[in-house]
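Below is one structure; the comments refer to it alone.
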Amino acid sequence: MKLKRLKALLVSSVLAITMLTGCATPSVSGDRETQESSQGSGETDADGKVTIRVVDWTDGNVEQRDAFHEKFMKENPDINVEYTRLTVDQFKNTIVTMIKSGEGPDIFPIPVGMTLNTALEENWFQSLNPYVTEEFEASFDPASFAEGVTHIGDEWYTITENMPTIQCLFYYNKDVLDAAGVKEIPKTYSEFREVCKKITDNGNGMVYGMIDGGKQVNRMDVLARSLAAAAGGKIAATQKVLTDNGRAPYDTEPVHNALGLISDLVKDGSIHPDTVNISAPEARELFAQGQAGFLCQGMWCIPSWDTNYPDMNYGVMSVPVPDGMSNTYVQKGELSPWIGLYSQSKHPEEAARYLMAFFSEEYGYQSGCVEDGTFVSVIPSVNEKYMTNPVMKEYYTIAEETSKVVPTITSRDETAHDFYAEVKDVQPSLGAIVQGVVAQSITDYKSELKTFADASTEEWKRACKAVGMDYSMLEFENWDNTKDYTEEDYAALK
(Lines give C-alpha, C1' and ligand atoms only; values in the text may rest on other atoms or scores of the structure.)
Protein backbone atom coordinates (compact mmCIF):
# COMPACT_ATOMS: atom_id res chain seq x y z
CA MET A 1 0.00 0.00 0.00
CA LYS A 2 1.28 3.47 -0.82
CA LEU A 3 1.54 5.83 2.12
CA LYS A 4 0.42 9.41 1.74
CA ARG A 5 3.87 10.43 2.99
CA LEU A 6 7.12 8.47 3.21
CA LYS A 7 7.50 7.25 6.77
CA ALA A 8 10.40 8.46 8.84
CA LEU A 9 13.01 6.04 10.15
CA LEU A 10 11.84 4.15 13.22
CA VAL A 11 12.59 6.04 16.42
CA SER A 12 12.09 3.97 19.56
CA SER A 13 11.21 5.20 23.02
CA VAL A 14 9.08 4.13 25.94
CA LEU A 15 6.84 6.19 28.20
CA ALA A 16 6.53 4.78 31.69
CA ILE A 17 2.95 3.88 32.43
CA THR A 18 1.12 6.31 34.70
CA MET A 19 -0.46 4.80 37.77
CA LEU A 20 -4.18 5.61 37.75
CA THR A 21 -5.27 6.62 41.22
CA GLY A 22 -8.84 5.94 42.26
CA CYS A 23 -9.72 3.81 39.20
CA ALA A 24 -10.83 0.24 38.81
CA THR A 25 -8.12 -2.30 38.11
CA PRO A 26 -7.17 -1.64 34.46
CA SER A 27 -6.94 -4.27 31.77
CA VAL A 28 -3.45 -4.24 30.33
CA SER A 29 -2.10 -6.08 27.31
CA GLY A 30 1.56 -6.52 26.50
CA ASP A 31 4.83 -8.07 27.57
CA ARG A 32 5.09 -7.52 31.33
CA GLU A 33 8.89 -7.83 31.42
CA THR A 34 9.17 -5.32 28.62
CA GLN A 35 6.83 -2.90 30.40
CA GLU A 36 8.77 -3.14 33.65
CA SER A 37 12.08 -2.56 31.88
CA SER A 38 10.96 0.79 30.43
CA GLN A 39 13.05 3.65 31.79
CA GLY A 40 11.38 6.77 30.46
CA SER A 41 10.84 8.75 27.28
CA GLY A 42 13.42 8.48 24.54
CA GLU A 43 14.83 5.08 25.45
CA THR A 44 14.31 1.76 23.71
CA ASP A 45 13.07 -1.37 25.43
CA ALA A 46 15.63 -3.97 26.43
CA ASP A 47 14.51 -6.11 23.50
CA GLY A 48 14.49 -3.24 21.03
CA LYS A 49 10.70 -2.95 20.80
CA VAL A 50 8.72 0.27 20.62
CA THR A 51 5.98 0.50 23.25
CA ILE A 52 2.79 2.34 22.38
CA ARG A 53 0.24 3.10 25.08
CA VAL A 54 -3.49 2.90 24.42
CA VAL A 55 -6.17 4.01 26.90
CA ASP A 56 -9.95 3.94 26.37
CA TRP A 57 -13.21 3.05 28.09
CA THR A 58 -14.76 0.23 26.06
CA ASP A 59 -15.92 -2.74 28.15
CA GLY A 60 -18.19 -4.84 25.94
CA ASN A 61 -15.45 -6.38 23.80
CA VAL A 62 -12.78 -7.62 26.20
CA GLU A 63 -12.10 -10.92 24.47
CA GLN A 64 -11.98 -9.40 20.99
CA ARG A 65 -9.62 -6.66 22.14
CA ASP A 66 -7.28 -9.09 23.89
CA ALA A 67 -7.22 -11.35 20.83
CA PHE A 68 -6.50 -8.35 18.61
CA HIS A 69 -3.57 -7.23 20.75
CA GLU A 70 -2.11 -10.73 20.71
CA LYS A 71 -2.36 -10.95 16.92
CA PHE A 72 -1.14 -7.38 16.39
CA MET A 73 2.02 -7.90 18.47
CA LYS A 74 2.66 -11.22 16.75
CA GLU A 75 2.33 -9.65 13.30
CA ASN A 76 4.27 -6.54 14.38
CA PRO A 77 7.13 -7.93 16.48
CA ASP A 78 8.78 -4.50 16.73
CA ILE A 79 5.83 -3.10 18.73
CA ASN A 80 4.64 -3.76 22.25
CA VAL A 81 1.18 -2.54 23.34
CA GLU A 82 0.29 -1.27 26.80
CA TYR A 83 -3.50 -1.17 26.96
CA THR A 84 -5.55 0.30 29.83
CA ARG A 85 -9.34 -0.04 29.93
CA LEU A 86 -11.38 2.33 32.12
CA THR A 87 -15.06 3.16 32.57
CA VAL A 88 -16.52 6.27 30.92
CA ASP A 89 -16.68 8.10 34.24
CA GLN A 90 -13.09 7.22 35.17
CA PHE A 91 -11.70 8.17 31.79
CA LYS A 92 -12.49 11.89 31.65
CA ASN A 93 -10.54 12.96 34.72
CA THR A 94 -7.82 10.40 34.16
CA ILE A 95 -6.95 11.48 30.62
CA VAL A 96 -6.84 15.17 31.58
CA THR A 97 -4.46 14.33 34.43
CA MET A 98 -2.25 12.21 32.18
CA ILE A 99 -1.98 14.91 29.50
CA LYS A 100 -1.28 17.69 32.01
CA SER A 101 1.49 15.59 33.52
CA GLY A 102 3.06 15.11 30.09
CA GLU A 103 2.30 11.38 30.14
CA GLY A 104 -0.49 11.22 27.59
CA PRO A 105 -0.93 7.85 25.86
CA ASP A 106 -0.15 7.51 22.16
CA ILE A 107 -3.77 6.62 21.32
CA PHE A 108 -6.87 7.63 23.25
CA PRO A 109 -10.46 8.82 22.65
CA ILE A 110 -12.03 12.21 23.25
CA PRO A 111 -13.99 12.24 26.54
CA VAL A 112 -17.78 12.12 26.18
CA GLY A 113 -19.11 15.67 25.83
CA MET A 114 -15.88 17.23 24.52
CA THR A 115 -15.84 18.51 20.95
CA LEU A 116 -13.05 17.93 18.47
CA ASN A 117 -12.49 21.70 18.27
CA THR A 118 -11.91 21.87 22.02
CA ALA A 119 -9.52 18.93 21.93
CA LEU A 120 -7.52 20.57 19.14
CA GLU A 121 -7.45 23.89 20.98
CA GLU A 122 -5.88 22.00 23.88
CA ASN A 123 -3.39 20.43 21.43
CA TRP A 124 -4.48 16.88 22.25
CA PHE A 125 -4.42 15.35 18.76
CA GLN A 126 -2.47 15.47 15.54
CA SER A 127 -3.70 14.79 12.01
CA LEU A 128 -3.81 11.18 10.86
CA ASN A 129 -3.26 12.18 7.23
CA PRO A 130 0.53 11.81 7.13
CA TYR A 131 0.49 8.37 8.70
CA VAL A 132 -2.40 6.37 7.21
CA THR A 133 -2.84 4.96 3.72
CA GLU A 134 -5.31 5.99 1.06
CA GLU A 135 -6.62 2.42 0.94
CA PHE A 136 -7.33 2.57 4.67
CA GLU A 137 -9.33 5.78 4.33
CA ALA A 138 -11.29 4.38 1.38
CA SER A 139 -12.39 1.34 3.40
CA PHE A 140 -14.62 3.47 5.68
CA ASP A 141 -18.29 4.22 5.27
CA PRO A 142 -18.39 7.85 4.04
CA ALA A 143 -21.21 8.42 6.52
CA SER A 144 -18.70 7.82 9.32
CA PHE A 145 -16.90 11.06 8.42
CA ALA A 146 -18.23 14.46 9.48
CA GLU A 147 -16.89 17.96 9.71
CA GLY A 148 -16.18 18.91 13.30
CA VAL A 149 -16.50 15.29 14.42
CA THR A 150 -13.79 13.34 12.62
CA HIS A 151 -12.42 16.04 10.32
CA ILE A 152 -11.56 19.72 10.25
CA GLY A 153 -11.45 20.60 6.58
CA ASP A 154 -9.30 18.00 4.84
CA GLU A 155 -7.49 16.97 8.01
CA TRP A 156 -8.58 13.69 9.64
CA TYR A 157 -8.17 13.74 13.43
CA THR A 158 -10.42 11.13 15.02
CA ILE A 159 -12.09 7.88 14.01
CA THR A 160 -15.58 7.23 15.32
CA GLU A 161 -15.78 3.92 17.19
CA ASN A 162 -18.71 2.50 15.24
CA MET A 163 -21.72 3.52 13.20
CA PRO A 164 -24.10 5.25 15.61
CA THR A 165 -26.86 3.04 16.93
CA ILE A 166 -29.24 4.05 19.69
CA GLN A 167 -28.27 2.94 23.19
CA CYS A 168 -31.70 2.91 24.76
CA LEU A 169 -33.61 -0.19 23.67
CA PHE A 170 -34.94 -2.42 26.42
CA TYR A 171 -33.70 -5.97 26.89
CA TYR A 172 -36.11 -8.37 28.57
CA ASN A 173 -35.35 -11.66 30.28
CA LYS A 174 -37.83 -14.14 28.84
CA ASP A 175 -37.49 -16.60 31.71
CA VAL A 176 -38.20 -13.88 34.29
CA LEU A 177 -41.28 -12.76 32.38
CA ASP A 178 -42.50 -16.33 31.97
CA ALA A 179 -42.10 -17.00 35.69
CA ALA A 180 -44.30 -13.98 36.43
CA GLY A 181 -46.95 -15.11 33.97
CA VAL A 182 -46.31 -12.32 31.48
CA LYS A 183 -47.57 -13.31 28.05
CA GLU A 184 -47.25 -10.07 26.06
CA ILE A 185 -44.26 -7.77 25.71
CA PRO A 186 -45.30 -4.31 27.00
CA LYS A 187 -45.50 -1.43 24.57
CA THR A 188 -47.03 1.42 26.58
CA TYR A 189 -46.15 3.10 29.87
CA SER A 190 -49.06 1.52 31.70
CA GLU A 191 -48.32 -1.94 30.32
CA PHE A 192 -44.66 -1.59 31.23
CA ARG A 193 -45.50 -0.46 34.78
CA GLU A 194 -47.97 -3.32 35.21
CA VAL A 195 -45.51 -5.95 33.98
CA CYS A 196 -42.70 -4.58 36.18
CA LYS A 197 -44.98 -4.72 39.22
CA LYS A 198 -46.05 -8.26 38.40
CA ILE A 199 -42.42 -9.37 38.11
CA THR A 200 -41.52 -7.64 41.37
CA ASP A 201 -44.45 -9.15 43.28
CA ASN A 202 -43.59 -12.60 41.96
CA GLY A 203 -39.92 -12.10 42.79
CA ASN A 204 -40.41 -11.88 46.56
CA GLY A 205 -37.46 -9.55 47.07
CA MET A 206 -35.18 -11.53 44.78
CA VAL A 207 -36.32 -10.34 41.34
CA TYR A 208 -37.46 -6.86 40.28
CA GLY A 209 -39.09 -5.31 37.26
CA MET A 210 -36.20 -3.19 36.08
CA ILE A 211 -32.52 -2.57 36.76
CA ASP A 212 -30.00 -0.13 35.34
CA GLY A 213 -26.62 1.45 36.02
CA GLY A 214 -27.95 4.28 38.17
CA LYS A 215 -24.50 5.17 39.44
CA GLN A 216 -23.67 6.45 35.95
CA VAL A 217 -25.25 9.83 35.25
CA ASN A 218 -24.91 9.27 31.51
CA ARG A 219 -27.10 6.14 31.60
CA MET A 220 -29.81 7.93 33.58
CA ASP A 221 -29.66 10.79 31.08
CA VAL A 222 -30.07 8.40 28.14
CA LEU A 223 -33.02 6.70 29.86
CA ALA A 224 -34.84 10.00 30.46
CA ARG A 225 -34.14 11.44 27.00
CA SER A 226 -35.26 8.32 25.16
CA LEU A 227 -38.48 8.00 27.18
CA ALA A 228 -39.19 11.69 26.62
CA ALA A 229 -38.55 11.45 22.88
CA ALA A 230 -40.78 8.38 22.66
CA ALA A 231 -43.42 10.49 24.40
CA GLY A 232 -43.23 13.02 21.56
CA GLY A 233 -40.68 15.38 23.07
CA LYS A 234 -38.40 17.58 21.00
CA ILE A 235 -35.23 16.89 22.93
CA ALA A 236 -31.67 16.46 21.70
CA ALA A 237 -29.45 13.45 22.26
CA THR A 238 -27.11 13.31 25.26
CA GLN A 239 -24.57 16.18 25.40
CA LYS A 240 -26.39 18.04 22.61
CA VAL A 241 -28.47 21.21 22.72
CA LEU A 242 -31.79 22.13 21.08
CA THR A 243 -34.54 24.47 22.20
CA ASP A 244 -38.30 23.99 22.05
CA ASN A 245 -40.29 27.21 21.79
CA GLY A 246 -37.20 29.16 22.73
CA ARG A 247 -36.42 27.25 25.92
CA ALA A 248 -34.38 24.31 27.07
CA PRO A 249 -36.90 21.47 26.58
CA TYR A 250 -36.78 19.89 30.03
CA ASP A 251 -39.88 21.42 31.61
CA THR A 252 -42.29 19.92 29.08
CA GLU A 253 -45.08 17.37 29.20
CA PRO A 254 -43.04 14.61 27.48
CA VAL A 255 -40.20 14.97 30.01
CA HIS A 256 -42.72 15.11 32.86
CA ASN A 257 -44.25 11.89 31.52
CA ALA A 258 -40.84 10.21 31.27
CA LEU A 259 -39.85 11.01 34.84
CA GLY A 260 -43.38 10.25 35.95
CA LEU A 261 -43.00 6.68 34.69
CA ILE A 262 -39.68 6.30 36.50
CA SER A 263 -41.23 7.77 39.65
CA ASP A 264 -44.17 5.34 39.42
CA LEU A 265 -41.78 2.39 39.11
CA VAL A 266 -39.97 3.60 42.23
CA LYS A 267 -43.26 3.97 44.14
CA ASP A 268 -44.22 0.43 43.14
CA GLY A 269 -40.88 -0.90 44.37
CA SER A 270 -40.27 -2.22 40.86
CA ILE A 271 -36.75 -0.87 40.39
CA HIS A 272 -33.98 -3.09 41.72
CA PRO A 273 -32.74 -1.53 45.00
CA ASP A 274 -29.08 -1.79 43.90
CA THR A 275 -29.73 0.43 40.87
CA VAL A 276 -28.62 3.67 42.54
CA ASN A 277 -25.25 2.21 43.53
CA ILE A 278 -24.14 0.20 40.49
CA SER A 279 -22.55 0.88 37.11
CA ALA A 280 -23.94 -0.18 33.75
CA PRO A 281 -21.69 -3.30 33.55
CA GLU A 282 -22.81 -4.35 37.03
CA ALA A 283 -26.47 -3.89 36.08
CA ARG A 284 -25.86 -5.97 32.97
CA GLU A 285 -24.51 -8.81 35.12
CA LEU A 286 -27.41 -8.78 37.58
CA PHE A 287 -29.92 -8.73 34.73
CA ALA A 288 -28.23 -11.76 33.20
CA GLN A 289 -28.40 -13.51 36.55
CA GLY A 290 -32.19 -13.17 36.49
CA GLN A 291 -32.55 -10.45 39.10
CA ALA A 292 -34.62 -8.15 36.85
CA GLY A 293 -37.01 -8.38 33.95
CA PHE A 294 -35.86 -5.31 31.99
CA LEU A 295 -32.65 -3.38 31.31
CA CYS A 296 -32.18 -0.27 29.15
CA GLN A 297 -28.75 -0.39 27.49
CA GLY A 298 -26.97 -0.65 24.17
CA MET A 299 -25.81 -3.32 21.78
CA TRP A 300 -22.56 -3.80 23.72
CA CYS A 301 -24.33 -6.14 26.17
CA ILE A 302 -24.76 -8.88 23.58
CA PRO A 303 -21.20 -10.26 23.27
CA SER A 304 -20.67 -10.21 27.03
CA TRP A 305 -23.83 -12.23 27.60
CA ASP A 306 -23.07 -14.64 24.78
CA THR A 307 -19.71 -15.35 26.40
CA ASN A 308 -20.67 -15.44 30.08
CA TYR A 309 -24.34 -16.48 29.90
CA PRO A 310 -24.69 -18.48 26.67
CA ASP A 311 -27.96 -20.06 27.82
CA MET A 312 -29.66 -16.79 28.77
CA ASN A 313 -33.08 -16.50 27.17
CA TYR A 314 -33.62 -12.85 26.29
CA GLY A 315 -34.96 -10.47 23.68
CA VAL A 316 -35.12 -6.79 22.69
CA MET A 317 -38.07 -4.37 22.65
CA SER A 318 -38.56 -0.74 21.70
CA VAL A 319 -38.79 2.11 24.20
CA PRO A 320 -42.27 2.20 25.83
CA VAL A 321 -44.58 5.06 24.81
CA PRO A 322 -47.37 6.85 26.70
CA ASP A 323 -50.80 5.25 26.41
CA GLY A 324 -52.67 6.22 23.28
CA MET A 325 -49.59 7.46 21.42
CA SER A 326 -48.21 6.11 18.16
CA ASN A 327 -45.77 7.20 15.46
CA THR A 328 -43.23 8.44 18.00
CA TYR A 329 -39.50 7.92 17.81
CA VAL A 330 -36.32 8.25 19.82
CA GLN A 331 -33.26 10.20 18.78
CA LYS A 332 -31.15 8.35 16.23
CA GLY A 333 -27.55 7.99 17.28
CA GLU A 334 -25.22 10.76 16.17
CA LEU A 335 -21.65 10.47 15.00
CA SER A 336 -19.24 11.35 17.75
CA PRO A 337 -15.47 11.76 17.77
CA TRP A 338 -13.65 8.86 19.33
CA ILE A 339 -10.06 7.72 19.05
CA GLY A 340 -7.12 9.72 17.81
CA LEU A 341 -3.34 10.11 17.81
CA TYR A 342 -1.76 12.12 20.64
CA SER A 343 -0.08 15.27 19.38
CA GLN A 344 3.01 14.56 21.52
CA SER A 345 3.32 10.88 20.64
CA LYS A 346 6.92 9.77 20.17
CA HIS A 347 5.75 6.92 17.96
CA PRO A 348 3.12 8.26 15.52
CA GLU A 349 4.01 5.82 12.73
CA GLU A 350 3.68 2.78 15.01
CA ALA A 351 0.51 4.17 16.61
CA ALA A 352 -1.02 4.68 13.14
CA ARG A 353 -0.09 1.11 12.26
CA TYR A 354 -2.07 0.02 15.34
CA LEU A 355 -5.10 2.07 14.22
CA MET A 356 -5.01 0.70 10.69
CA ALA A 357 -4.91 -2.84 12.04
CA PHE A 358 -7.64 -2.10 14.57
CA PHE A 359 -10.08 -1.04 11.84
CA SER A 360 -9.09 -3.69 9.30
CA GLU A 361 -10.89 -6.94 8.54
CA GLU A 362 -7.59 -8.78 8.43
CA TYR A 363 -6.86 -8.50 12.16
CA GLY A 364 -10.29 -9.75 13.19
CA TYR A 365 -11.32 -7.10 15.72
CA GLN A 366 -14.00 -5.44 13.58
CA SER A 367 -15.35 -8.73 12.24
CA GLY A 368 -15.37 -10.29 15.70
CA CYS A 369 -17.29 -7.40 17.25
CA VAL A 370 -19.87 -7.36 14.45
CA GLU A 371 -20.27 -11.14 14.47
CA ASP A 372 -20.72 -11.20 18.26
CA GLY A 373 -23.10 -8.24 18.26
CA THR A 374 -20.92 -5.57 19.87
CA PHE A 375 -21.52 -2.87 17.28
CA VAL A 376 -22.16 -1.93 13.66
CA SER A 377 -18.74 -1.34 12.11
CA VAL A 378 -17.61 1.77 10.25
CA ILE A 379 -16.23 -0.64 7.64
CA PRO A 380 -19.19 -1.63 5.38
CA SER A 381 -17.56 -4.78 4.01
CA VAL A 382 -17.27 -6.14 7.55
CA ASN A 383 -20.97 -5.62 8.26
CA GLU A 384 -21.94 -7.34 5.02
CA LYS A 385 -19.99 -10.47 5.91
CA TYR A 386 -20.28 -10.78 9.67
CA MET A 387 -23.60 -9.45 10.99
CA THR A 388 -25.00 -12.89 11.82
CA ASN A 389 -25.92 -12.67 15.54
CA PRO A 390 -29.75 -12.94 15.76
CA VAL A 391 -30.12 -10.65 18.79
CA MET A 392 -27.88 -8.07 17.18
CA LYS A 393 -30.00 -8.18 14.05
CA GLU A 394 -33.13 -7.78 16.19
CA TYR A 395 -31.61 -4.83 18.05
CA TYR A 396 -30.43 -3.17 14.85
CA THR A 397 -33.79 -3.68 13.11
CA ILE A 398 -35.82 -2.21 16.00
CA ALA A 399 -33.34 0.65 16.35
CA GLU A 400 -33.70 1.56 12.68
CA GLU A 401 -37.49 1.31 12.82
CA THR A 402 -37.98 3.37 15.98
CA SER A 403 -35.41 6.17 15.67
CA LYS A 404 -35.24 9.34 13.60
CA VAL A 405 -32.47 11.79 12.74
CA VAL A 406 -32.77 14.95 14.84
CA PRO A 407 -31.33 18.32 13.81
CA THR A 408 -27.95 19.42 15.13
CA ILE A 409 -26.85 23.00 15.64
CA THR A 410 -23.33 22.26 14.36
CA SER A 411 -24.80 21.33 10.97
CA ARG A 412 -26.56 24.67 10.84
CA ASP A 413 -23.88 27.04 12.11
CA GLU A 414 -20.14 26.35 12.46
CA THR A 415 -20.06 28.73 15.42
CA ALA A 416 -21.90 26.00 17.29
CA HIS A 417 -18.56 24.23 17.80
CA ASP A 418 -17.42 27.28 19.76
CA PHE A 419 -20.73 27.28 21.60
CA TYR A 420 -20.22 23.69 22.77
CA ALA A 421 -16.70 24.57 23.90
CA GLU A 422 -18.07 27.55 25.86
CA VAL A 423 -21.27 26.21 27.40
CA LYS A 424 -21.05 24.98 30.99
CA ASP A 425 -22.90 22.02 32.48
CA VAL A 426 -25.87 23.00 34.63
CA GLN A 427 -26.25 21.02 37.84
CA PRO A 428 -28.10 19.02 38.87
CA SER A 429 -28.26 17.69 35.32
CA LEU A 430 -31.12 15.71 33.82
CA GLY A 431 -29.32 12.46 34.61
CA ALA A 432 -28.66 13.60 38.18
CA ILE A 433 -32.35 14.45 38.63
CA VAL A 434 -33.25 10.93 37.50
CA GLN A 435 -30.71 9.57 39.99
CA GLY A 436 -32.50 11.58 42.69
CA VAL A 437 -35.87 10.18 41.68
CA VAL A 438 -34.56 6.60 41.77
CA ALA A 439 -32.86 7.21 45.13
CA GLN A 440 -36.09 8.85 46.39
CA SER A 441 -34.16 11.98 47.40
CA ILE A 442 -36.20 13.92 44.81
CA THR A 443 -39.97 13.63 45.01
CA ASP A 444 -41.02 16.90 43.32
CA TYR A 445 -39.32 16.20 39.99
CA LYS A 446 -41.43 18.79 38.14
CA SER A 447 -39.98 21.63 40.22
CA GLU A 448 -36.48 20.26 39.67
CA LEU A 449 -37.08 20.07 35.92
CA LYS A 450 -38.33 23.66 35.81
CA THR A 451 -35.29 24.90 37.69
CA PHE A 452 -33.04 22.91 35.37
CA ALA A 453 -34.80 24.21 32.25
CA ASP A 454 -34.63 27.82 33.44
CA ALA A 455 -30.94 27.59 34.33
CA SER A 456 -30.08 25.76 31.09
CA THR A 457 -31.91 28.36 29.00
CA GLU A 458 -29.96 31.19 30.64
CA GLU A 459 -26.65 29.35 30.27
CA TRP A 460 -27.31 28.63 26.61
CA LYS A 461 -28.12 32.30 26.00
CA ARG A 462 -24.94 33.33 27.80
CA ALA A 463 -22.78 30.90 25.81
CA CYS A 464 -24.33 32.05 22.52
CA LYS A 465 -23.59 35.66 23.36
CA ALA A 466 -20.03 34.81 24.41
CA VAL A 467 -19.19 33.22 21.05
CA GLY A 468 -21.26 35.54 18.88
CA MET A 469 -23.89 33.01 17.85
CA ASP A 470 -27.55 33.92 17.41
CA TYR A 471 -29.56 32.12 20.11
CA SER A 472 -32.29 31.42 17.54
CA MET A 473 -29.90 28.94 15.89
CA LEU A 474 -30.84 26.50 18.66
CA GLU A 475 -34.45 26.38 17.43
CA PHE A 476 -35.57 24.37 14.38
CA GLU A 477 -39.07 25.57 13.56
CA ASN A 478 -39.51 23.10 10.70
CA TRP A 479 -38.56 20.02 12.75
CA ASP A 480 -41.16 17.25 12.63
CA ASN A 481 -39.88 14.68 15.11
CA THR A 482 -41.80 11.86 13.43
CA LYS A 483 -39.50 12.20 10.40
CA ASP A 484 -35.77 12.24 9.73
CA TYR A 485 -34.38 15.76 9.63
CA THR A 486 -32.77 16.15 6.21
CA GLU A 487 -30.35 18.38 4.32
CA GLU A 488 -33.37 19.86 2.58
CA ASP A 489 -34.77 20.83 5.97
CA TYR A 490 -31.55 22.63 6.85
CA ALA A 491 -31.61 24.41 3.49
CA ALA A 492 -35.19 25.53 4.04
CA LEU A 493 -34.12 27.50 7.12
CA LYS A 494 -31.64 29.64 5.19
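These figures come from a predicted structure and were not determined experimentally.
For the pair Leu286 and Leu295, the minimum side-chain heavy-atom distance is 4.5 Å or more. No side-chain heavy atom of Leu242 sits less than 4.5 Å from a side-chain heavy atom of Lys234. Side-chain contact between Tyr490 and Pro407 is present, with heavy atoms from C-beta onward closer than 4.5 Å. Put simply, the side chain of Glu477 reaches to within 4.5 Å of the side chain of Leu493, judged on heavy atoms. With contacts defined as side-chain heavy-atom distances shorter than 4.5 Å, the pair Asn481/Val406 does not qualify. Under the 4.5 Å side-chain criterion, counting only non-hydrogen atoms from C-beta, Glu103 is in contact with Arg53. Side-chain atoms of Pro105 and Ile95, non-hydrogen and from C-beta on, do get closer than 4.5 Å to each other. Inter-residue side-chain proximity for Trp57 and Lys92 is flagged as unmet; no heavy-atom pair is nearer than 4.5 Å.
Remark: Arg65 is positioned above the aromatic ring of Tyr365, its terminal NZ or CZ atom under 6.0 angstrom from the ring centre and at most 45 degrees off the axis. Within the cation-pi definition used here (under 6.0 Å to the ring centroid, within 45° of the axis), Lys404 qualifies as a partner of Tyr329. A cation-pi contact, defined as under 6.0 Å to the ring centre and within 45° of the axis, links Lys240 to Tyr420.
Ion pairing between a basic and an acidic side chain is recognised when a charged N comes within 4.0 Å of a carboxylate O; Arg462 and Glu459 show such pairing. By the 4.0 Å N-to-carboxylate-O rule, Asp56 lies too far from Arg85 to be salt-bridged with it.
Interatomic distance, CZ of Arg219 versus CD of Gln167, reported as 6.0 Å (0.5 Å rounding).
Without hydrogens or angle criteria, Trp124 side chain to Pro109 main chain gives no donor-acceptor distance under 3.5 Å. Without hydrogens or angle criteria, Glu371 side chain to Met387 main chain gives no donor-acceptor distance under 3.5 Å. Side-chain atoms of Asp221 never come within 3.5 Å of backbone atoms of Val217 as a donor-acceptor pair (strictly under, hydrogens ignored). Remark: side-chain polar atoms of Gln435 are paired, donor with acceptor, to backbone N or O of Gly214 under 3.5 angstrom. With Arg412 contributing its side chain and Met473 its backbone, the two residues share a donor-acceptor pair below 3.5 Å. Without hydrogens or angle criteria, Ser270 side chain to Thr200 main chain gives no donor-acceptor distance under 3.5 Å. Within the 3.5 Å criterion, the main-chain N or O of Asn245 finds a donor-acceptor partner in the side chain of Glu475.
When all heavy atoms are compared, the tightest approach of Gly246 to Thr243 is C-CB, 4.0 Å. Ala229 and Val330 make their closest contact through CB-CA, 3.8 Å (heavy atoms, listed as atom of the first residue, atom of the second, distance). Considering every non-hydrogen atom in both Cys464 and Leu474, the closest pair reads SG-CD1, 4.2 Å. Across every non-hydrogen atom of Ala283 and Gly213, the tightest pair is CB-N, 3.6 Å.
Between Ser411 and Thr408, the side chains place a donor N or O and an acceptor N or O closer than 3.5 Å (distance only, hydrogens not considered). Side-chain polar atoms of Asn117 and Thr115 form no donor-acceptor pair below 3.5 angstrom. A donor-acceptor contact closer than 3.5 angstrom is absent between the side chains of His272 and Asp212. In the model, Glu282 has a side-chain atom that pairs as donor or acceptor with a side-chain atom of Ser279 under 3.5 Å. Side-chain contact check for Asn383 and Ser377: no donor-acceptor pair (N or O, by modelled atom type) lies under 3.5 Å. Defined by atom type and a distance below 3.5 Å, a donor-acceptor pair is missing between the side-chain atoms of Asn313 and Asn173.
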**Request:** Take Phe358 and Phe68 through the side-chain contact (heavy atoms from CB on, under 4.5 Å) test and state the conclusion after the steps.
**Result:** CA-CA 8 Å; Phe358 186 76; Phe68 165 70; 3.7 Å; yes
**Request:** Take Val255 and Leu449 through the side-chain contact (heavy atoms from CB on, under 4.5 Å) test and state the conclusion after the steps.
**Result:** CA-CA 8 Å; Val255 182; Leu449 289 171; 3.9 Å; yes
**Prompt:** Under the side-chain hydrogen bond (donor to acceptor under 3.5 Å, both in side chains) criterion, do Thr374 and Asp372 qualify, and how do the steps go?
**Reply:** CA-CA 6 Å; Thr374 306; Asp372 290 348; 5.6 Å; no
**Message:** One pair to check against side-chain contact (heavy atoms from CB on, under 4.5 Å): Val207 and Gln291. What are the steps and the verdict?
**Reply:** CA-CA 4 Å; Val207 184; Gln291 294 192 31; 5.7 Å; no
**Arg193/Asp264 under salt bridge (Lys or Arg N to Asp or Glu O under 4.0 Å): CA gap, chis, key distance, verdict** = CA-CA 8 Å; Arg193 181 183 182 184; Asp264 287 340; 3.4 Å; yes
**Request:** Would you sort out whether Tyr250 and Phe452 count as a ring-ring contact (aromatic ring centres under 6.0 Å, His included), showing the intermediate values?
**Result:** CA-CA 7 Å; Tyr250 306 122; Phe452 178 53; 4.5 Å; yes
**Derivation and outcome, side-chain contact (heavy atoms from CB on, under 4.5 Å), residues Gln331 and Ile166** = CA-CA 7 Å; Gln331 308 93 332; Ile166 60 176; over 6 Å; no
**salt bridge (Lys or Arg N to Asp or Glu O under 4.0 Å) between Asp178 and Lys183, worked out** = CA-CA 7 Å; Asp178 287 345; Lys183 304 298 183 184; over 6 Å; no
**Request:** Take Thr486 and Asp489, measure what side-chain hydrogen bond (donor to acceptor under 3.5 Å, both in side chains) needs, and give me the verdict at the end.
**Result:** CA-CA 5 Å; Thr486 66; Asp489 293 322; 3.1 Å; yes
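You'll find the ring centres of Tyr485 and Phe476 inside the 6.0 Å limit. With ring centers used as reference points, Tyr309 lies 6.0 Å or more from Tyr314. In this structure, Tyr157 has its ring center at least 6.0 angstrom away from the ring center of His151. The aromatic ring centres of Phe125 and Phe108 sit less than 6.0 Å apart.
Between Phe287 and Tyr171, the ring planes are tilted. Angles from 30° to 60° get that label.
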